[in-house]
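To keep things clear, I will list the structure first and then write my remarks on it.
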2 protein chains.
Amino acid sequence: MTTHSGVPEVVVDRLPQYLRALAQLESSGFDVISSQQLGELLQVTPAQIRKDLSYFGRFGKQGRGYSISHLLERLRNILGLDQTWNVAVVGVGRLGRSIISYPGFEPEGFRVVCAFDSDPAVVGQVAGGLTVYNFADYAEIAEREHVQIAIVAVPANVAQAVIDNLVAAGVKSILNYAPKSALTPPDVRIRNVDPVVSLQSMTYYLSAV
Amino acid sequence: MTTHSGVPEVVVDRLPQYLRALAQLESSGFDVISSQQLGELLQVTPAQIRKDLSYFGRFGKQGRGYSISHLLERLRNILGLDQTWNVAVVGVGRLGRSIISYPGFEPEGFRVVCAFDSDPAVVGQVAGGLTVYNFADYAEIAEREHVQIAIVAVPANVAQAVIDNLVAAGVKSILNYAPKSALTPPDVRIRNVDPVVSLQSMTYYLSAV
DNA sequence: AAACGATTGTAAATAGATTCACAAACAGGG
DNA sequence: CCCTGTTTGTGAATCTATTTACAATCGTTT
Ligand SMILES: NC(=O)c1ccc[n+]([C@@H]2O[C@H](COP(=O)([O-])OP(=O)(O)OC[C@H]3O[C@@H](n4cnc5c(N)ncnc54)[C@H](O)[C@@H]3O)[C@@H](O)[C@H]2O)c1
Ligand SMILES: NC(=O)c1ccc[n+]([C@@H]2O[C@H](COP(=O)([O-])OP(=O)(O)OC[C@H]3O[C@@H](n4cnc5c(N)ncnc54)[C@H](O)[C@@H]3O)[C@@H](O)[C@H]2O)c1
């Protein structure tokens, strides 16, 4: 699928991998890397790395490789990571709370700015420094807080309804933790985080030996 | 990639999606479904569903569709989900604890049977009903407990070392939560659960409008 | 018992992704 | 300043996945 501007989606999905490996290399003191070396590190062919990058420009130097800091800068720019993204968490149960206090988002430019629940016993509580709002007020508050991304952590049986509300309120990117593959319009991008699904495809290879 | 027996990996990765949708349909009281209807539900073409299933056999009836309960049974069998899998959790910090007490694994046949850490302050503690063992004793205890799958929830900087140890101890399937793409031999399957990577590819589409 | 509408399973065609392979470009050394 | 050893960027070739298209089959209706 080439959902946008001619760059295949598989390519975009690999860029964060490159980014992470390069950031690691930079903090280990390396300056330059070849597609060959990066490929070994990530178990990807060098040609694939070069072709992926070629969709966006010419970032390397023949005979040398890529300047790590320069490539990092360009990848961050391409992925839109040279800005901070405001995130709303919907569903402040056990998982929602741990997402709100997960320290891995902020350093990557994702800031959880507000949290929502529908349970009157939870609304008004403070979780991880955030006051929990009523999900009924989502549209208004999300606009005020400039929310661009929603993380869904509600029970599976209400996930579709919650996502429908998010879509109606104009959200274009959703990270869904509920074990439910939800329907969204084509202009809304949804990613599922689901450890059970990952396990279920690995068991195929474990059992079919 | 057709890593095993001629069935493409993309196909195997879609089966758990089918499984989940069918289980949902069954519990809603449906008996039969056509590839057309299932495709609408999952946003997949009917032909893809039929072709995917055809790698494993002929499960449908012309003119009718698929018996949901029969197809569920076959999919569970194909994926190796008609047995219980024993899982070890490595790294009993905040995330490790929440994995141990996550109620979503058991009903799907994944049983967390033991937990490991390297911190002497954590080893010996009880978490979610499990005594935390020293990771140094992994090989011995994992064999005794018949562990088949390991879940890694340690800091990124030790993830590769931990995974090397797991591989040395004979694990063939790893679910990795550490934000690090780790290297494993070709016979060891690893899946990463990484919300940041998911977010980072969605921002491409948000910013590049 | 024949005719009908629905739906599968799959071979062939199309579309898409990856890899190959090499000319062009660069750094370093003689 | 030219030669050597690298490594990029990319068209063309290959490989893989998806979609098309339809004969075969099934239950139902007439
Ligand atoms: N993917 C993962 O890694 C993972 C891990 C754990 C849990 N989960 C899933 O995440 C979801 C939440 O799990 P949990 O353990 O936090 O459950 P939980 O019951 O502790 O929390 C769910 C929260 O959602 C709220 N909620 C319910 N309906 C709502 C609505 N319509 N609008 C807003 N909020 C609503 C509830 O009030 C509750 O606070 C479940 O679907 C669970 O299966 C996924
Ligand atoms: N993918 C996700 O959704 C997600 C969410 C949260 C955290 N994480 C990641 O999961 C990991 C753990 O996060 P956390 O918040 O639980 O951290 P934590 O520090 O609370 O826990 C890490 C645990 O690992 C243990 N450990 C360290 N070295 C070890 C070793 N060599 N062998 C065995 N155990 C060892 C530590 O003693 C500690 O108990 C981190 O890498 C974090 O980035 C991922």
Side-chain angles (χ1 to χ4, degrees), chain A residues 1-15 17-18 21-22 25 30-75 78 186 201 204, chain B residues 1-15 17-18 21-22 25 30-75 78 186 201 204:
Chain A
M1 212 201 290
T2 65
T3 310
H4 162 271
S5 76
V7 180
E9 196 162 14
V10 272
V11 172
V12 175
D13 284 353
R14 277 191 295 266
L15 300 186
Q17 307 291 341
Y18 301 163
L22 290 164
L25 286 163
F30 293 90
D31 285 341
V32 171
I33 194 165
S34 67
S35 58
Q36 172 75 49
Q37 295 169 300
L38 186 58
E40 272 161 27
L41 216 57
L42 291 172
Q43 304 281 74
V44 166
T45 63
Q48 177 143 89
I49 292 173
R50 296 202 300 276
K51 175 139 274 231
D52 285 355
L53 296 177
S54 78
Y55 283 101
F56 305 99
R58 305 154 60 111
F59 309 132
K61 273 221 176 38
Q62 281 105 329
R64 299 268 301 145
Y66 299 85
S67 152
I68 292 176
S69 64
H70 177 239
L71 188 51
L72 270 172
E73 192 182 320
R74 294 309 329 273
L75 283 175
I78 290 162
S201 57
Y204 171 77
Chain B
M1 210 200 295
T2 66
T3 308
H4 163 269
S5 77
V7 180
E9 198 164 11
V10 272
V11 172
V12 175
D13 285 353
R14 277 190 293 263
L15 300 187
Q17 307 291 341
Y18 302 162
L22 290 164
L25 286 163
F30 292 90
D31 285 341
V32 172
I33 193 164
S34 67
S35 58
Q36 172 75 49
Q37 295 170 299
L38 186 58
E40 272 162 29
L41 217 56
L42 291 171
Q43 304 280 73
V44 166
T45 63
Q48 178 142 86
I49 292 172
R50 296 202 301 275
K51 171 135 262 224
D52 285 354
L53 296 177
S54 78
Y55 282 101
F56 305 97
R58 304 155 58 109
F59 310 131
K61 274 221 171 45
Q62 283 103 326
R64 299 267 302 145
Y66 299 86
S67 151
I68 291 176
S69 65
H70 177 240
L71 187 51
L72 269 172
E73 191 181 320
R74 297 307 331 272
L75 283 175
I78 290 162
S201 56
Y204 171 77

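Naming: A, B, ... by sequence-line order, numbering from 1 per chain.
Regarding contacts with the backbone of D:dT19, a side-chain N or O of B:Thr45 is found under 4.0 angstrom from either OP1 or OP2. In this structure, B:Tyr55 does not reach the D:dT18 phosphate: none of its side-chain N or O atoms is under 4.0 Å from OP1 or OP2. An OP1 or OP2 oxygen of D:dG9 is reached within less than 4.0 angstrom by a side-chain nitrogen or oxygen of A:Tyr66. For the OP1/OP2 pair of D:dA17 and a distance below 4.0 Å, the side-chain nitrogens and oxygens of B:Arg14 include no atom meeting the criterion. In terms of phosphate contacts, B:Gln48 brings a side-chain nitrogen or oxygen within less than 4.0 Å of OP1 or OP2 of D:dT18.
Of the inter-residue distances, the one linking A:Gln37 atom CD with A:Phe30 atom CZ reads 8.0 Å to the nearest 0.5 angstrom.
Here A:Arg58 lies in heavy-atom contact (under 4.0 Å) with sugar-phosphate atoms only. Residue A:Arg50 is classed as a base contact, given a heavy-atom separation below 4.0 Å to a base.
Atom CZ in B:Phe59 sits roughly 18 Å away from atom C1' in D:dT25 (whole-Å rounding). Atoms CG (A:Asp52) and P (D:dT8) sit 13 Å apart, rounded to a whole Å. One interatomic measurement links the two molecules: CD1 of B:Ile49 to P of D:dT20, which rounds to 14 Å at whole-angstrom precision. Here D:dT10 presents its P atom at 13 Å from CZ of A:Phe56, a figure rounded to the nearest Å. The NZ atom of B:Lys61 sits 18 Å away from the C1' atom of C:dG5 (whole-angstrom rounding). Taking atom CD of residue B:Glu9 and atom P of nucleotide C:dA17, one finds them 17 Å apart after rounding to whole Å. Between B:Arg64 atom CZ and C:dT8 atom C1' the separation is 13 Å, expressed in whole Å. Protein atom CZ of A:Arg74 is 16 Å distant from nucleotide atom C1' of D:dG9, rounded to whole Å.
Applying the 6.0 Å contact sphere to CD of B:Glu73 captures no more than 12 heavy atoms from other residues, nucleotides or ligands. Remark: A:Phe56 CZ is packed, more than 12 non-hydrogen atoms of other residues, nucleotides or ligands lying under 6.0 Å away.
Of the candidates B:Leu72, B:Leu41, B:Ile49, B:Ile49 is the only one forming a side chain to side chain contact (heavy atoms under 4.5 Å, CB included) with B:Tyr18.
Within the 3.5 Å criterion, the main-chain N or O of B:Arg14 finds no donor-acceptor partner in the side chain of B:Gln17.
For DNA chain C, the residues of residues 31-41 of chain B within the heavy-atom distance limit of 4.0 Å (strictly under) are B:Ser34, B:Ser35, sorted by number.
Between the side chains of B:Gln48 and B:Thr45, no donor-acceptor pair is found at a separation under 3.5 Å.
Of the residues near DNA chain D, B:Lys51 and B:Gly63, the one whose nearest nucleotide (by heavy atom distance) lies more toward the 5' end is B:Lys51.
For B:Gln62, taking side-chain heavy atoms from C-beta onward, the closest of the listed nucleotides D:dT7, C:dG9, D:dT25 is D:dT25. Closest approach to the A:Pro8 side chain among C:dA24, D:dT19, C:dA17 is made by C:dA17 (side chain taken as heavy atoms from C-beta onward).
A:Ala21 and A:Leu38 get closest at one heavy-atom pair: CB-CD1, 4.0 Å. Between A:Val12 and B:Ser201 the shortest heavy-atom distance is CG1-O, 3.8 Å.
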